[in-house]
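Structure, as C-alpha cells:
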Amino acid sequence: MLAFLDRLKTCLNYQNLPTDEMIEQLADDPSCQALPFLIPCRELLRRSVNFPEAWKKSVLRAKDKMALKEEDFSQLLSLANIIGSSDTEGQLNAISMIEELLKCQRKEALDFKEKKGRLYRSLGALMGAGMVIILL
C-alpha cells in the first residue's frame with residue numbers, strides 16, 4: 001500500500017495525468033500488481049464509471065483479499081474523495097497524510113506482532129515443559 005501511495009504521488013507530481021490515465025498506468029505498474037483493487041478500478045473507469053464510485057466499488061470488492069484492518073480500509077476508501085478532486089498540491093498533501101497514518105498503523109501492527117510473538121513462544125515452551133513433566 002505504501003509503495004502504491006508513493007507511486008501515486010510521483011504520478012501526480014511529475015506527470016499530472018488525468019485520473020483514469022493515472023489508474024491505467026498504476027494498474028500496469030509491477031510494484032502495484034499485488035493490489036487486487038487496481039485492475040477492477042481500471043475496468044470500471046473504462047466503462048465510464050466516475051472515479052470515486054469505481055474506486056469505492058473496487059476497494060470494497062477486494063476487501064477480503066487484503067489483510068488490512070478497518071482503519072486501513074477507511075484510509076484507502078478516503079482516496080476516492082481526494083484523487084482528482086482538488087489541485088495537485090492539495091492531493092499530494094492529503095496522500096502524504098494518509099501515507100503517514102498508514103506508516104503509524106504499520107508500526108503499531110509490527111509492535112503488536114513482536115509482543116504477541118514473544119508471548120506465544122514462551123507459552124509454547126511452557127506447554128512443552130508441562131507435557132514432559134506430565135509424561136514422566
Side-chain angles (χ1 to χ4, degrees):
M1 238 353 255
L2 292 172
F4 165 72
L5 290 175
D6 188 51
R7 190 77 180 91
L8 180 62
K9 287 192 319 187
T10 302
C11 285
L12 281 169
N13 208 11
Y14 298 111
Q15 295 173 325
N16 204 12
L17 296 170
T19 305
D20 56 340
E21 289 179 32
M22 188 170 35
I23 295 299
E24 186 84 33
Q25 184 177 3
L26 289 170
D28 292 333
D29 190 324
S31 66
C32 300
Q33 292 292 317
L35 299 173
F37 56 84
L38 277 179
I39 293 175
C41 183
R42 175 180 66 186
E43 297 305 318
L44 288 171
L45 289 171
R46 285 179 179 172
R47 286 189 243 144
S48 301
V49 175
N50 67 10
F51 175 74
E53 185 179 338
W55 183 263
K56 288 176 183 176
K57 281 183 180 180
S58 59
V59 168
L60 290 173
R61 286 181 190 157
K63 187 175 184 176
D64 297 336
K65 298 176 186 173
M66 296 184 293
L68 296 176
K69 294 171 75 175
E70 200 60 41
E71 299 89 29
D72 300 330
F73 274 108
S74 65
Q75 297 302 324
L76 189 57
L77 285 171
S78 71
L79 284 172
N81 300 323
I82 295 168
I83 299 172
S85 64
S86 65
D87 64 334
T88 303
E89 191 65 31
Q91 293 177 67
L92 289 171
N93 289 336
I95 292 169
S96 292
M97 185 181 71
I98 290 172
E99 190 175 29
E100 289 304 314
L101 288 170
L102 288 176
K103 284 180 183 178
C104 288
Q105 290 172 355
R106 180 180 69 173
K107 185 182 179 322
E108 288 174 10
L110 290 172
D111 290 345
F112 181 79
K113 176 186 164 190
E114 184 180 320
K115 289 176 186 175
K116 290 295 182 181
R118 227 179 303 131
L119 172 69
Y120 291 135
R121 283 190 296 277
S122 298
L123 283 174
L126 286 173
M127 292 294 286
M131 292 300 288
V132 168
I133 291 171
I134 289 173
L135 291 175
L136 292 177

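Here, residue 1 is the first one in the sequence, and each next residue gets the next number.
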Checklist line | Value rounded to 0.5 Å, distance of SG in Cys41 from CD in Glu53 | finding: 11.0 Å
Notebook entry, point to check: Is any side-chain heavy atom of Leu110 less than 4.5 Å from a side-chain heavy atom of Arg106?
Noted result: yes
Next item on the list: Compare every heavy atom of Ser86 with every heavy atom of Gln91, then report the nearest pair and how far apart it is.
Entry: NE2-O, 2.7 Å
Notebook entry, point to check: Which residue pairs pass the salt bridge (charged side-chain N to carboxylate O under 4.0 Å, His left out) test when at least one of the two sits in residues 90-102, sequence neighbours left out?
Noted result: Lys9-Glu99, Glu100-Lys103
Next item on the list: Check Leu45 against Ala54 and note the closest heavy-atom contact, atom names and distance.
Entry: CD2-CB, 4.0 Å
Margin query: Test of understanding: clusters of I, L, V, M, F, W, Y form through side-chain heavy atoms closer than 4.5 Å, transitively. Do Leu44 and Leu35 belong to the same one?
Written below: no
Margin query: Within the structure provided, determine whether Lys63 and Glu70 are in side-chain contact (heavy-atom separation under 4.5 Å).
Written below: yes
Note to self: Using every non-hydrogen atom in the two residues, find where Leu77 and Lys56 come nearest and quote the distance to one decimal.
What the structure shows: CD2-CA, 4.0 Å
Notebook entry, point to check: About how many Å separate CG of Leu79 and CE of Met1, when rounded to the nearest 0.5 Å?
Noted result: 6.0 Å
Checklist line | Minimum heavy-atom distance between Gln33 and Ala27, given as atom pair plus value | finding: NE2-O, 2.8 Å
Next item on the list: Spell out, as yes or no, whether a donor-acceptor pair under 3.5 Å connects the side chain of Asp72 to the backbone of Lys69.
Entry: yes
Next item on the list: Would you kindly confirm whether Ile23 and Val49 end up in one hydrophobic cluster when ILVMFWY residues are joined by side chain heavy atoms under 4.5 Å apart?
Entry: no
Note to self: Show the nearest heavy-atom pair for residues Pro36 and Ala34, with the distance to one decimal.
What the structure shows: CD-O, 3.2 Å
Margin query: Nearest 0.5 Å, please: how far is CZ in Phe37 from CG in Leu60?
Written below: 11.5 Å
Item checked: Glu43 side, atom CD; Glu24 side, atom CD - distance, nearest 0.5 Å -> 8.0 Å
Next item on the list: Answer yes or no: is there a donor N or O on one side and an acceptor on the other, between the side chain of Asn93 and the main chain of Glu89, under 3.5 Å?
Entry: yes
Next item on the list: Please round to the nearest 0.5 Å and tell me the distance separating atom CD of Gln105 and atom CG of Leu101.
Entry: 6.5 Å
Check: If you look at every heavy atom in Ile98 and Leu5, which pair is closest and at what distance?
Finding: CG2-CD1, 4.0 Å
Note to self: With side chain to side chain contact (heavy atoms under 4.5 Å, CB included) as the test, pick out the partner of Cys32 among Leu38, Leu8, Ile39.
What the structure shows: Leu38
Notebook entry, point to check: Would Ile83 and Leu2 show up in the same hydrophobic cluster when neighbours are defined by side-chain heavy atoms closer than 4.5 Å?
Noted result: yes
Margin query: Can you tell me how far apart CZ (Phe51) and CD1 (Ile82) are? Round to the nearest 0.5 Å.
Written below: 9.5 Å
Check: Taking Trp55 for the side chain and Leu76 for the main chain, is one N or O donor matched with an acceptor at less than 3.5 Å?
Finding: yes
Checklist line | Sub-4.5 Å side-chain heavy-atom contact between Glu108 and Asp111 | finding: no
Notebook entry, point to check: Are Gln25 and Gln15 side-chain neighbours, meaning at least one heavy-atom pair lies under 4.5 Å?
Noted result: yes
